[in-house]
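Being a predicted model, the structure only gives us computed values, none of them experimental.
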Amino acid sequence: DILNNLSIGRWNPFLQIWIKEETTSIGKRLSAETSSLGKFALIKCNDDKPPMLELNLEGQRFFQNSYVSRKPNISIVGEDDNGIKFDSSGIKVILDDNMVDFSSLSIPDTVVSGNYVSSQFRPELDWGEHFIEVSLSDAAGNVVTERIDFVVSDELKLIDYGNFPNPFKDRTVFIYELTQRVETLQIRIYTLSGRLIEVLDRESVFSTDIDMNEGGYHEVMWDGLDKDGNFVANGVYFYKIYAKRGSKISSSIGKMAKAR
């Protein structure tokens, strides 16, 4: 029966996609209940693949058990070939067992394509352990869910994950995590003899992503140049990551090698 392969679809003018409505087949008739007026049509949909869902923190991938600030910027990104149902019925956000109202999400005024959409969420959090769970539906009704546990710490800690690659050829990335926002964050690079050759901080490092001083996960690239703009020679170097908040200081020292 040809009706078995058809559903009633509703055109979403904001997302510029057809959204499959819950359709019932009675004999040779199809019916659907909807709370929205608009344009409807019969559509054929064989999509059974859930959408892609990604949660980002301050512009970077949100990892399990991350440390975050008390007012983090969380991004919810969805992508699907047939479109994302990015409305109050298609996206559900739970924060610590509490349903987040759809109006609390920051949605762009215009969407270029309903196949790729994103929103921003800036909750105010207390100290301690938290979780966020997001469920996202595509235009065909397929659902994907992702949960991330994270921590808002009242104690300053610096977690140094080292640099990669190491040894490096021309550039390397320092990876670290802060449990809180700090007033000062520097990555100081020294020769084996202890001579300071470069300092990376928020004034010297160009970044379109998270502020180096913000709490959370960071990746900071060093181009292998010293403070005079010259490439450093092959050899072994030390780095020190220094973080300061008020009277509290946390630091870490590591070793790396330059090898062409």
Side-chain angles (χ1 to χ4, degrees), residues 6-23 32-64 66 68-69 71-125 130-150 207-211 214 216-219:
L6 295 176
S7 299
I8 295 176
R10 175 175 55 85
W11 177 250
N12 186 306
F14 175 69
L15 298 173
Q16 296 289 300
I17 59 172
W18 287 99
I19 294 180
K20 179 183 176 183
E21 297 288 328
E22 190 68 36
T23 304
E33 292 186 8
T34 179
S35 59
S36 303
L37 298 176
K39 183 164 60 176
F40 296 84
L42 293 178
I43 61 174
K44 184 177 181 179
C45 182
N46 297 319
D47 180 12
D48 59 1
K49 182 180 178 181
M52 184 282 293
L53 171 62
E54 182 174 293
L55 302 182
N56 294 328
L57 175 66
E58 310 293 351
Q60 298 182 358
R61 188 64 191 266
F62 200 169
F63 294 103
Q64 284 287 353
S66 294
V68 309
S69 64
K71 194 173 182 181
N73 183 17
I74 300 174
S75 301
I76 302 169
V77 181
E79 185 174 5
D80 189 83
D81 291 340
N82 292 315
I84 297 294
K85 194 176 181 181
F86 219 72
D87 56 25
S88 58
S89 65
I91 179 170
K92 305 293 183 184
V93 180
I94 298 174
L95 180 64
D96 299 334
D97 292 322
N98 298 311
M99 184 69 71
V100 176
D101 192 273
F102 184 75
S103 62
S104 299
L105 305 180
S106 177
I107 308 294
D109 293 331
T110 58
V111 174
V112 176
S113 169
N115 302 101
Y116 180 91
V117 289
S118 66
S119 69
Q120 309 291 320
F121 178 45
R122 294 188 68 94
E124 294 190 19
L125 304 166
H130 301 269
F131 78 87
I132 183 171
E133 183 175 290
V134 179
S135 295
L136 185 64
S137 174
D138 63 15
N142 302 303
V143 179
V144 62
T145 300
E146 183 170 349
R147 170 178 166 143
I148 292 182
D149 298 271
F150 58 94
S207 175
T208 58
D209 295 320
I210 182 173
D211 182 348
E214 189 60 71
Y217 175 86
H218 297 262
E219 295 183 2

Original post:
Does T34 have any side chain to side chain donor-acceptor pair (under 3.5 Å) partners at least two apart in sequence or in another chain, and if so, which?
Top reply: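 Checked T34 against side chain to side chain donor-acceptor pair (under 3.5 Å); zero matches.
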Original post:
Among all residues two or more places apart in sequence or in another chain, which pass the side chain to side chain donor-acceptor pair (under 3.5 Å) test with Q120?
Top reply: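 Q120: side chain to side chain donor-acceptor pair (under 3.5 Å) contacts with N73, S75.
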Please report, to 0.1 Å, the donor-acceptor pairs under 3.5 Å made by any side chain of residues 107-114, with sequence neighbours excluded.
residue	atom	partner	partner atom	Å
S113	OG	N115	N	3.1
S113	OG	N115	OD1	2.8

Can you find a pair of side-chain heavy atoms, one from [X] and one from [Y], that are under 4.5 Å apart?
X	Y	value
I94	V100	no
L57	F63	no
L95	L125	yes

Contact summary for [X] and [Y], nearest pair of heavy atoms:
X	Y	value
P51	L136	CG-O, 3.7 Å
S118	V77	CB-CG2, 4.0 Å
E214	S69	OE2-CB, 3.4 Å
S135	T145	OG-OG1, 2.8 Å
Y217	E219	OH-OE2, 2.7 Å

Rounded distance [0.5 Å steps], [atom1] in [X] versus [atom2] in [Y]:
X	Y	atom1	atom2	value
I19	I8	CD1	CD1	14.5 Å
S88	D101	OG	CG	9.0 Å
L15	I17	CG	CD1	4.5 Å
N56	I76	CG	CD1	10.0 Å
E79	M52	CD	CE	4.5 Å

Original post:
Under the side-chain hydrogen bond (donor to acceptor under 3.5 Å, both in side chains) rule, what pairs show up with a residue in residues 6-20, not counting sequence neighbours?
Top reply: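 Listed by first then second residue: R10-E21.
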Subject >> F150 and F62 aromatic centres sub-6.0 Å >> reply: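 F150 vs F62: aromatic centres under 6.0 Å.
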Subject >> E33 atom CD, neighbour heavy-atom count above 12 within 6.0 Å >> reply: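 No, because the 6.0 Å sphere around CD of E33 holds 12 heavy atoms or fewer from other groups.
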Original post:
More than 12 non-hydrogen atoms from neighbouring residues, nucleotides or ligands closer than 6.0 Å to CG on D81, yes or no?
Top reply: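 Counting other residues, nucleotides and ligands, CG of D81 stays at 12 neighbours or fewer.
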Original post:
Would you call D87-K85 a salt bridge at under 4.0 Å N-O?
Top reply: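 No, this pair does not count.
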**OP:** Tell me, please, which residues at least two apart from R61 pass salt bridge (Lys or Arg N to Asp or Glu O under 4.0 Å).
**Re:**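 Expected list: E54, E146.
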Check: residues 38-49 side-chain donor-acceptor pairs under 3.5 Å, at least two apart:
residue	atom	partner	partner atom	Å
D47	OD1	K49	N	2.9
D47	OD2	N82	ND2	3.2

